Protein chains: 2
Amino acid sequence: MATIYEVSELAGVSLATVSRVVNKNARVSDKTKEKVLNAMKELGYKPNSIAQSLASNRSNSIGLLVSELHGPFFGAMMSGIEAELRAAGKHTIIASGHSDEKTEQDSIEFLVGRKCDALILHAEAVSDEFLLELSKGTTPFVIINRIVPGIEEHCISLDNEHGGYLATKYLIEKGHTQFAYVSGPNWKKDARDRYAGHLRALAEQGLTQHPKLLVEGNFQQSGGRYGLEQCLSANLPFTALVCGNDEMASGAITRAREADLSVPDDFSIIGFDNIIYADYLFPKLTTIEYPVQKMGQMAAKLILANTYRIETGELTTEFTPRLIERDSCVNL
Amino acid sequence: MATIYEVSELAGVSLATVSRVVNKNARVSDKTKEKVLNAMKELGYKPNSIAQSLASNRSNSIGLLVSELHGPFFGAMMSGIEAELRAAGKHTIIASGHSDEKTEQDSIEFLVGRKCDALILHAEAVSDEFLLELSKGTTPFVIINRIVPGIEEHCISLDNEHGGYLATKYLIEKGHTQFAYVSGPNWKKDARDRYAGHLRALAEQGLTQHPKLLVEGNFQQSGGRYGLEQCLSANLPFTALVCGNDEMASGAITRAREADLSVPDDFSIIGFDNIIYADYLFPKLTTIEYPVQKMGQMAAKLILANTYRIETGELTTEFTPRLIERDSCVNL
DNA sequence: TTGTAAGCGTTATCAA
DNA sequence: TTGATAACGCTTACAA
């Protein structure tokens, strides 16, 4: 690989001048600029971005931590972020945390070590203290789907509690009073918040739910299957199943069909997230929208604005869930 | 951030010695090693991986190019690769190419520029020549889902033609003779190969297909919707719809339901890929398995073996598609 | 507008 | 087993 040194030699100018034309910042006379550009072309010169990072202490790349590299939720998030950043000429370095404390820390340290100019974190397992400590470091970051007290302005979040409330409220308005609930993992804040919203909607109407009709799932399709099985085997009546997310709703619907139960005739189902294929399930899934792609874009915009001083429009950190009505819930 | 220099000072040893204990390769006496480790702990020292890369010309990270960051296909691929690499202590840097020649080239150059030790590429838009040229460079790579003449040993592929053949053969055996086909984008080799397999199965039985019942889709759900609409409006009889991939099959099934058509009673549908939620569609989708996660792992293993000399078991580059029978096809 | 030279934080080659 | 010291490829004062 040709180095800047060879280019300077061939062009008959100094290193500094080559660097100037590469970075287009300082003024270089048209004549010398052309000599340099020709030399670069002739040698097929590409700047070594590692060396650039080391010397300039910036890398034009943003580190992104997600829990998993698969699944509709993170897929939408990664896409939203990458598109926004790429449009601004920045690169995204993705690492996964697998919802595990140690792995999340490792990944964050990797990204910091790679001299990312900023970080976008979907960190679930790491403690508030860790993030607070991180915020004292030199790498700025924004957090998605979590509010850390003390650094709220760097947290992009959706009101999960309100979303949970909306879902159950909607079913109550449709006349439902007997509920089953398949939640996400209890250690996850968003799962707990969604359930809290559900409880609030219930309480508002003086309704309660049998403990056997609350089952903890895993936010995956298998959790929905399992959840429904548990509810069914409790042998207690319910007319509506509220799922912590769409993937579990999808699993539950499939399981229901296997048990010769029909959704929504035998019971209604509502999900959460509005993942890309919610509209392609049968029945089409009524759900709460989690605008994760937009939130990802916003995270990117925040960084563009704060770290690179590139303005890209309105900035917000709070997003509101909203009901998407489709076919999986009926009036009672 | 503490540097190696400060550590050496605090520990009262030379830079070189600190470097040795960091890299655990050369022998260092236990006594000095301990002094260094203590100093490192005290200063919270973390090696700057950028500087390491520059000096050592390797980065312990592997670049991964995918077409998109979302979708079940790439999700599975990324997961498979990252898991395998992480287990070996390597990091994955992901970039997306959006099936666009220029973007793919940019991304590859970015990854090379970041001094990735090796690359895993799902490159669709870039030419064979470009890849051949790249193979003369210093960064080794393996290609997924494509065979480039001249560097076959670095190409991991599935026999798409055979998969296409299997799908249609299966339907023929079930008694179908009137087919419709929604293909992937024609400029994509895998889409063409799958269709070629379909034609071969047809030809084998002296069957043909009306040109109006071949429509070019986009490998996404919207393409499946559109494809079915086109076939329907052709007003020609068909009993089986072969889709270029599962996502389009999902779109077609949904569109069919909207038109009050029942799958598989009105016509059978078969997909391709066996994406994660094929089992959660209604009807459960019969499809051809594309073991993309395994292929991703294999790509990682190949690199681990060739670039790092880490052996992780059997290596193969050719994978075979196989039929996954579910509920979306019936006997005629 | 251009050039000189001192870093950036490591690794790696020699000697000692 | 250790220590000097020259790379690695680039950016960026500071001078000219």
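As a basis for the values below, the full set of heavy atoms in this structure was taken, side chains included, without hydrogen atoms, waters or symmetry mates. These numbers come from a predicted model, not from an experiment.
For Asn48(A), the listed nucleotide lying nearest its side chain is dG9(D); candidates were dT10(C), dG9(D), dT1(D). Comparing dT12(D), dC10(D), dA12(C) by their nearest atom to the side chain of Gln52(A) picks out dC10(D). Distances from the side chain of Thr17(A) to the nucleotides dT11(D), dT10(C), dT2(C) place dT2(C) closest. Distance from the side chain of Arg27(A) is smallest for dT1(C) among the nucleotides dG3(D), dG3(C), dT1(C). When the nucleotides dT11(C), dG9(C), dG9(D) are ranked by their closest atom to the side chain of Ala51(B), dG9(C) comes out on top. Distances from the side chain of Ser19(A) to the nucleotides dT12(D), dG3(C), dT2(D) place dT12(D) closest. If you check dT11(D), dT4(C), dT1(C) against the side chain of Ile4(A), the one that comes closest is dT11(D). The side chain of Leu54(A) has dC8(C) as its nearest neighbour among dG3(C), dT11(D), dC8(C).
If you check every strand for non-hydrogen atoms under 4.0 Å, Val22(A) touches nothing. Across all strands, Ser49(A) comes closer than 4.0 Å to no nucleic acid atom at all (heavy-atom distances). Counting any heavy atom pair closer than 4.0 Å across all strands shown, Asn57(B) reaches no nucleic acid atom. Residue Lys31(B) is out of contact with every strand shown, counting any heavy-atom pair closer than 4.0 Å.
For the pair Ser56(B) and dT11(C), the criterion of a side-chain N or O lying under 4.0 Å from OP1 or OP2 is not met. Using a 4.0 Å cut-off, some side-chain N or O of Tyr45(B) falls inside it from OP1 or OP2 of dT10(C). OP1 or OP2 of dT2(D) lies within a sub-4.0 Å distance of a side-chain N or O belonging to Ser29(B). An OP1 or OP2 oxygen of dT2(C) is reached within less than 4.0 angstrom by a side-chain nitrogen or oxygen of Thr32(A).
Both Thr3(A) and Gly12(B) lie near DNA chain D, and the one whose nearest nucleotide falls closer to the 5' end is Gly12(B). Both Ala55(A) and Arg20(A) lie close to DNA chain D; mapped to their nearest nucleotides by heavy-atom distance, the more 5′-ward contact belongs to Ala55(A).
Rounded to whole angstrom, the span from the CD1 atom of Ile50(A) across to the C1' atom of dC10(D) amounts to 12 Å. Following rounding to the nearest Å, Arg114(B) (CZ) and dC10(D) (P) show an atom-to-atom distance of 13 Å. The nearest whole Å value for the distance from the CD atom in Glu34(A) to the C1' atom in dT2(C) is 18 Å. In this structure, the CG atom of Leu43(A) is 15 Å from the C1' atom of dG9(D), given to the nearest Å. One can place CG of Leu15(A) at 14 Å from P of dT12(D), the figure rounded to the nearest angstrom. The distance between atom CG of Asn25(A) and atom P of dA13(D), rounded to the nearest whole Å, is 11 Å. Distance Met40(B) CE to dT10(C) P: 11 Å, rounded to the nearest Å. Lys35(A) has its NZ atom 8 Å from the P atom of dT2(C), to the nearest Å.
Nearest approach of Thr103(A) to Gly97(A), heavy atoms of both residues: CB-O, 3.3 Å.
Of the possible donor and acceptor atoms, none in the side chain of Asp117(A) sits under 3.5 Å from a partner among the backbone N and O of Ile62(A).
The CD1 atom of Ile156(B) sits 12.0 Å away from the CD atom of Glu153(B) when rounded to the nearest 0.5 Å. Between atom CZ of residue Arg114(B) and atom OG of residue Ser59(A) there is a gap of 5.0 Å, rounded to the nearest 0.5 Å.
Ring-plane geometry between Phe110(A) and His91(B) is classed as parallel, the angle between the planes falling under 30 degrees on a 0 to 90 degree scale with a further cut at 60.
Figure legend: Lys90(A) and Tyr308(A) shown as a cation-pi pair, the cationic atom lying under 6.0 angstrom from the six-membered ring centre and within 45 degrees of its axis.
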